[in-house]
Each structure stands twice: as structure tokens, then as C-alpha cells.
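Numbers restart at 1 for each chain; the letters A, B, ... are given by sequence-line order, proteins then strands.
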2 protein chains.
Amino acid sequence: MSAGPLPTIHEVARLAGVSVATVSKTLNRSGKVSELLQERVNAAARKLGYAPHASARSLRSGATRILGLLVADLANPYFLKLVESIERLSSAAGYSVILCNSAEDPEREERHLAMLLSQRADGAIVIPTRRGWSGRQAALANLPMPGILVDRRIEGLDLDSVTTDNLALGRLAAEHLDDLGHRRIAVIMGSPEHQIARHRLDGLRSGLAARGITLDERLIEKDNFSEAAGHAAAMRLLRGAQRPTAIFATNNHLSLGLLRAIAESGLTIPDDLSIIAVDEPPWAGLVRPGMTVVTQPFEAIAQTTISTLLSRISEGRAGVEDEARSIQLQPALVVRGSTAAIRT
Amino acid sequence: MSAGPLPTIHEVARLAGVSVATVSKTLNRSGKVSELLQERVNAAARKLGYAPHASARSLRSGATRILGLLVADLANPYFLKLVESIERLSSAAGYSVILCNSAEDPEREERHLAMLLSQRADGAIVIPTRRGWSGRQAALANLPMPGILVDRRIEGLDLDSVTTDNLALGRLAAEHLDDLGHRRIAVIMGSPEHQIARHRLDGLRSGLAARGITLDERLIEKDNFSEAAGHAAAMRLLRGAQRPTAIFATNNHLSLGLLRAIAESGLTIPDDLSIIAVDEPPWAGLVRPGMTVVTQPFEAIAQTTISTLLSRISEGRAGVEDEARSIQLQPALVVRGSTAAIRT
DNA sequence: CTTCAGTAGAAAAACGATTAACTAAGGTAA
DNA sequence: TTACCTTAGTTAATCGTTTTTCTACTGAAG
């Protein structure tokens, strides 16, 4: 609230008694400028509080040093962790992040993508919505800047992606539950149309199958990914004729619903029921005696995402038509008290 | 991944057979252009997939349609809700949001502020870190663009701000606890150097005083705002000689620590202890039988913030030196099962 | 003494939009 | 008919950088 118009490079040049070219070269450490003039320029810039005009610079240089981060669901703590890490890494690499939340709405996703295009972001990091609009494939494939999908892949789309190995994730859960002797295992899987949910379920199923156990299909709860759906599914399972001895919830919203249902029903973990969830939401510490989870390596995912994207950006039009990289990172099992051997 | 360089306004003009000025006027609905030419221009733009170059536009017009959002702590669910709302409202108003997380680190705050300056954001929304760096007051006061503080105010700084009335918040808690007959009331307040914490405590104290009750100063736990600190403080209170009948935790991290301590100690809410917290974190539903809280009106805060900021932006250099607005919004008490009348 | 290389710095041309100033054409009024 | 408005378009200046090209100067070699 105050201060007149900002100084331009011309005023710095005038104060330092040099040309604008010299100022530019000094400030960007490009080209040759004598020590003496460098000092004069820096002093002048400091004195005036000069801050280069990013738009002018981008217009001329063609790079904005802006990354677009388009997230499907900011309310999911796992995505939030990704956002935090990505923001930190981008900032450290000298990039600013334009944050967009599509809130699982394809229309908002589309509008945001168009905006990022207008802004000429140097790259786009996209956690896509579960259901796309009609032209999404094309819109993403024809993105004029490097783009990368995170967490969720889109089938048949030739774009870099970094995801968790969700089959392995399901298998980890399977092996752990089998080790504890569980046989009546339920899954709250979310929407069966969603690839991630299917993979986690398939991983569980195949992990169990490898141990000679068949997953009871009647104990697979399918609906959407909301907390309410998780709660309702859990209630059905807990009240069902044959209550499962273990429940696997495949996402944060679902597991929160599950935990709420358990709290309401007065059951004791892990005596009455073992539960295993995905990721570590902030509230994991509230579950006594600790929550067993399969975690996704969010920090590694963020790092891989940024480094892949930045290298694509620096390749520029050079390393053209190098085909898309699909990177899968491994989840890890963290055993705590919410799972236990079944009573015999 | 593909697609050559993007079309410019010149190519649209050439395809439509008109001048660039006509294209610009058509696309911006400024100036007079005949129906016929408008259609030709729009068709050409659509055909080429033209997207105006934001940097070029900003350079010429002086406005970037970018807002900076500098948040002190992305991990706090309350701030996250603010971020979500602000992003949604900004986007609806045609502004993009550059998200910066200072993570309570003054250095990062400073760097981000400098970056927003370089980007020439049209406005800055700042949730400042708790402790500033030496030149912060000046840096914020001399911000060349409109700025607004959210949630936390900085004393002696002439800048618009939108905050919760934290004295009222404390008073709401006081009145509720008094209504239930509580006398041994503890507070996990966080750092006493932090204005918000002091206000909430003062509100509680004065609210109780108005009912003729004196707050026992020995039951005020002071430390920092981390979950660990909340947990430790709760442990001290629960193990103390005279266990309080009610605990007031003044922030999300602290209340999570408190809940964890209660879970570990095996106490029953609200029979053994009443608790009242601030805001509704996602995990509030896990507390049986529901968590009594004083909530901050985050949606109203976001709306007020955006509308105030946008009006400052449109005032421009016109409404100069209109003095800073300090807007306080009212919290609300939401009574659930975690507070109950004390047993007599 | 002349010529040539090498170097530090300046001048000027972009980048892609907006917009003020201008022009041509058509319509009115005197 | 002439002078004058209006209207619809065009031309060209401009925003603040980066970067290519150009100039002037220095010192060395012939």
C-alpha cells in the first residue's frame, strides 16, 4: 500500500551510468562485465529495490519458470502431502507453482488446463480427475508444454507418469494379513471403475491367491470414494452375518469412514477386528494401538515427478519424441497395532 | 509432448484476413467490430487453438491476473480449507493463484515474497509466519501491490486484514464450559508469544471472569503449537495432582496431540473429562460421541479476503491512502458430545 | 606506422499483446 | 456540392526484458 511504480532496468542502468545491456548481463551473470561495473550495477539495483519484471523476461526468453500443479482433490491428505513436497522442490529449483484444484470436476480441470496454457507454464503436473471430459485425452496429449501425470495414470495416453505400484500395494496387504492368519478378509474398495482401486484389489487378490487363499467376493464393498461411502460400507460389513476378521480400506476418505464406523459400533481393535489402510493421514495417531498401513512413498514420488519434468523441460524441443516414461514406485508396509493374529 | 510453437495473434489475424487490432478487440470485447468480422476472427482463433500469451498481455496491460497466496503452514487443516476456498473464489473471479508455503520459516516467506514481486502478482494474500525476519514489517508495508493478511495480524502494520475474533472465540468456550458447571478448566494454549493464542486465552479468561470464575493459572500449558507439544501438555495435565474437568485446546495440532494423549490414557470422554477444541479437522468425526468445537468461519473469511483484495486491486492508485481495514469475523460454538455437565 | 585480434560496452531488434492515433468510407446537413 | 460527423478498421507505439550485432578501444605483431 504505497510506493510508486517499480523501477525498470533502464532506471538501474541510468543510476549506474551504464547501458541496459550491461545491467542485464550483470544480473544474469551472462556475458562479460568488468568488476567495477558489476559493483556499480548491483549497488544501483539494490538501492532502487529493483525486481526484474517476470512477464517481460518471459516474453523475451520464452520461459516462465512457472509450473502448473493441477490437483484432483485437495481435501485428500495424501495429495496434500504431494502438493507440499512439490511446492518445496519446485521452489528450491527456482520455479513458482500455480495451484489448481479441480475437486474431481472435469469442467474445472479443463478450465484450469486452458489457463495454464495461457500462462505458458513451463510444465504441468497433473493429478487427473477420475472421470475426464470427452476431449481430455487429446487436451493432455497435445499440451504444448511438458506434462506429467502423478498418482493416477490415464490409459492410452502417451504422457510421462509417476505412480505407486498399486498391485504391489495390494500384495503387501495380502501377505501381512495372511501372515496373521486371516481368512475372512473384506475390502472397502471405492469405485470399481477406478483403475487404482482395481489394482489394489487385484494385488490383494493375487497376493492371497499366491498363498492359496481365495478372496470372498461378497466381502468386497464397492461404491465411491467418499467418507460417507466408507462409513456405510463398513457398517454393512460389521453388521453382516459373517463379520470379517480383517478389513482393508484402499484410500484415506474410506478409511476415515471405516474408523468412524468402528468407533460407533464399539468394537475393539485389533481384538474384534484387524484393519489395514493406505497412507498415513494426520489422524493415524488417534487409532489405538497404532494403525497398520501400506504407505505410498510420497516424497520419492514428488522428487521423481519434479526431476523428470524438469529434465523434460530442459530437453526442450531437443530430445523430441522420446517416448513417455511410466515410473512406478514401491509402497511399504508399516505394521502397528491395528492388525493382529486371529484368535484360534 | 508435441505440437509446434503456439499461434500468435498475428497468425489469427492473417487467417481471418484482418489486423491484429481487430483480433484483440474482438477477443476482449472492447471497441467496435462488425458481426461479420467477429465471426471470422473467432473461427480463426478456434481453428488455430489460439490462447493469448499471458506474459505479453500483462507486460502491456500492467495486470497479471495472478494472486499470490503465501501460507504459513499448509499442514494445518484449517489453513488448507482457507486455501481451497481462496483458490475456488479466485478462479471464479478469473485469477490464478500462485501457492507458496513458508512452513513457518521466515526465510522462505521472504524469498516467496520477493518472487511474487517479480511475478508482479496483482495482489498478495498472506498468512504470515509466527516469527518474522527483521525487515518483514517494511517488506509487507512497502509491497507494491495490494496485500491482505489472513488469520494472523501483525501489530503496527498498516495493511488490510481478515481474522477471527479470537477474544470472542475464547469467550464462547468459557460460557459453554461454565454452563456445564466446569471450574477446573485447563488450557493448552501453544506459544504465549503468539497473539492468537493470547487472545483465545484472554477471551476464555474474561469470559469466565464475567461469570465470576477465576481461571487457575497453573492449568495453563504453554509451549509451541506442535502436535507433540499438545500431547506432552495433555499428559502433564492428565497426570497432575488435580486433574482438570475440562480442557480447551486452541489449535488443530494441539488438539490432535490432546486426543492422542486421551486415547493412550484410556480416559472416557466426556465422563472423565470434557474437551473443547477449535475448528473441525477431518478427524473430528472419530471422537465419540462427537467433538464440541468453536469454529472459525473459514468460508466467510475467504470470501471477505477475496472481495476486499479485489476491490483494492480495482481501486488501483485511485483510492490511495484509504486506511487499512481490519475485519474481524465471528466464530461459532458447535456443541457435540465431548463436553458434558460435571458430575456432582 | 599500420593492421589485426580481442574485448568491454552500447545500440537496437525482437518477444506478443493492447491501445492511442489515424484513415477511409459513408451519411447528413447546409 | 462541400464540409463535417460517425463508424469500422488499420497502423504503429509501447510495455521491460534478453540477446544479437555493432562500435570503439587496447595492445601486439608485422
What side-chain donor-acceptor pairs closer than 3.5 Å can you find for residues 5-18 of chain A, not counting sequence neighbours?
unit_1, atom_1, unit_2, atom_2, d
A:T8, OG1, A:H10, N, 3.1
A:E11, OE2, A:T8, N, 3.3

* Distance in angstrom units between B:H10 NE2 and C:dA14 P, rounded -> 12 Å
* **Non-hydrogen atoms of B:A51 and A:L117 that approach each other most closely** => CB-CD2, 3.3 Å
* Ignoring hydrogens and angles, tell me if any N or O in the side chain of B:E87 forms a donor-acceptor pair with the backbone of A:N101 under 3.5 Å. => yes
* Give a yes or no on this: more than 12 heavy atoms of other residues, nucleotides or ligands lie within 6.0 Å of atom CZ of A:R131. => no
* Asked: Minimum heavy-atom separation for A:V150 to A:P128, with atom names?
  -> O-CD, 4.1 Å
* Residue pair A:I154, A:Q137: steps toward the side chain to side chain contact (heavy atoms under 4.5 Å, CB included) verdict -> CA-CA 8 Å; A:I154 297 180; A:Q137 314 281 94; 3.0 Å; yes
* Asked: Base, sugar-phosphate, or nothing: which does A:T8 touch, judged by heavy atoms less than 4.0 Å apart?
  -> sugar-phosphate
* To do: Provide the full list of side-chain hydrogen bond (donor to acceptor under 3.5 Å, both in side chains) pairs with a residue in residues 60-75 of chain B, sequence neighbours left out, each pair given once.
  => B:T64-B:D122, B:D73-B:H253
* Kindly state each residue pair satisfying side-chain hydrogen bond (donor to acceptor under 3.5 Å, both in side chains) with at least one member in residues 32-46 of chain B, sequence neighbours excluded. => none
* **Selection from C:dT18, C:dA17, C:dG9 that lies nearest to any side-chain heavy atom of B:H53** => C:dA17
* Asked: Checking salt bridge (charged side-chain N to carboxylate O under 4.0 Å, His left out) for the pair A:K81/A:E84: CA distance, chi angles, key distance, verdict?
  -> CA-CA 5 Å; A:K81 284 187 186 174; A:E84 271 190 74; over 6 Å; no
* Pairs flagged by side-chain hydrogen bond (donor to acceptor under 3.5 Å, both in side chains) wherever residues 17-27 of chain A is involved - sequence neighbours left out -> A:S19-A:T22, A:S24-A:N28
* **First encountered from the 5' end of DNA chain D, between B:S19 and B:R120** => B:S19
* Sequence neighbours excluded, which residues qualify as salt bridge (Lys or Arg N to Asp or Glu O under 4.0 Å) partners of A:R120? -> none
Which atom pairs, donor and acceptor, lie under 3.5 Å between side-chain atoms of residues 88-99 of chain A and protein residues at least two apart or in another chain?
unit_1, atom_1, unit_2, atom_2, d
A:R88, NH1, A:E299, OE2, 3.4
A:R88, NH2, A:S85, OG, 3.3
A:R88, NH2, A:E299, OE1, 3.2
A:S90, OG, A:I86, O, 2.7
A:S91, OG, B:H112, NE2, 3.4

* Structure fact -> Residue set satisfying salt bridge (Lys or Arg N to Asp or Glu O under 4.0 Å) with B:E104, at least two apart, ordered chain then number -> B:R130, B:R152
* Asked: When the C1' atoms of the five terminal pairs at each end define the local axes, what inter-axis angle does the helix from C:dC1-D:dG30 to C:dA30-D:dT1 show, to 10 degrees?
  -> 70°
* What is the distance from CZ of B:R57 to C1' of C:dG16, rounded to the nearest Å? -> 11 Å
* Mind checking the CD1-CD spacing from A:I301 to A:Q303? Nearest 0.5 Å is all I need. => 11.0 Å
* For residues 60-67 of chain A, which residues have at least one heavy atom under 4.0 Å from DNA chain D? -> A:R60
Check nucleotides 21-27 of chain C for protein N or O atoms closer than 3.5 Å to its own N or O atoms and list the pairs.
none

* May I ask you to decide whether B:R136 forms a salt bridge with B:E155, counting only side-chain N to carboxylate O separations under 4.0 Å? => no
* To do: Work out which heavy atom in A:T164 is nearest to a heavy atom in A:P297; give both atom names and the distance.
  => OG1-CD, 4.2 Å
* Value in whole Å for how far the C1' atom of C:dG16 lies from CD1 of B:I9 -> 8 Å
* Earliest and latest nucleotide of DNA chain D, 5' to 3', sitting under 4.0 Å from a non-hydrogen atom of chain A? -> D:dG16 to D:dT19
* In whole Å, what is the span from the CG atom of B:L59 to the P atom of C:dA14? -> 17 Å
* To do: Could you check which residues of residues 34-52 of chain A get a heavy atom under 4.0 Å from DNA chain C? Sort them by number, please.
  => A:S34, A:L37
